[in-house]
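Before any comments, here is the structure.
Both counts, for ligands and for their atoms, begin at 1 and track the order of listing. Sequence positions, counted from 1, serve as the residue numbers for this chain.
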Amino acid sequence: MQLKKGDTVLVLSGKDRGKKGKVIQMLPKKDKLRVEGVNMVKKHQKAQGQVMQAGIVPMEAPMPKGKVMFVCPHCNQPSKIVRRALESGKNGRFCRRCGEVLER
Ligand SMILES: [Zn+2]
């Protein structure tokens with residue numbers, strides 16, 4: 001999988017199955033990622049000065065990459081990313097379903 005921060009993914013399993021969200025962080029070393037609004041956990045936070053108040057703060061917990069599937073922004077369907085050379089000669093990411101370039 002060639003996911004990047006900002007990509008939209010569909011959750012395939014777990015309590016958030018069927019949810020879509022944006023990748024907010026990739027953790028390649030752990031083979032995990034964090035998805036906006038998915039796999040929320042409540043984190044207890046201590047007050048830090050006057051800016052942050054103590055309390056329970058919801059945050060996204062990392063989840064395994066294998067539990068999500070890429071959703072193409074062009075065809076809006078779960079798809080796979082393929083790498084192919086662009087006209088410029090650089091490698092680009094393409095949607096396997098509709099063939100659109102995902103970024104340049
Ligand atoms: Zn597509």
Revision key, fill the gap. A correct count of protein N/O/S atoms found below 2.8 Å of the Zn ion (ligand 1) gives 4
Practice item. Taking all non-hydrogen atoms of both residues into account, name the closest pair between F70 and L3 and its distance. Key: CD1-CD2, 3.7 Å
Review point. Looking only at heavy atoms, what is the nearest atom pair of M26 and K5, with distance?
Key: CG-N, 4.0 Å
Review point. Same cluster or not: are V41 and L33 linked, directly or through other Ile, Leu, Val, Met, Phe, Trp or Tyr residues, by side-chain heavy atoms under 4.5 angstrom apart?
Key: no
Exercise for review: Please say which of L102, V101, I81 ends up in a side chain to side chain contact (heavy atoms under 4.5 Å, CB included) with F94.
Suggested key: V101
Practice item. Mind checking salt bridge (charged side-chain N to carboxylate O under 4.0 Å, His left out) for K19 and listing every partner two or more places apart, or none if nothing turns up? Key: D16
Exercise for review: Using a cut-off of 6.0 Å, state whether more than 12 heavy atoms not belonging to K30 lie near its atom NZ.
Suggested key: no
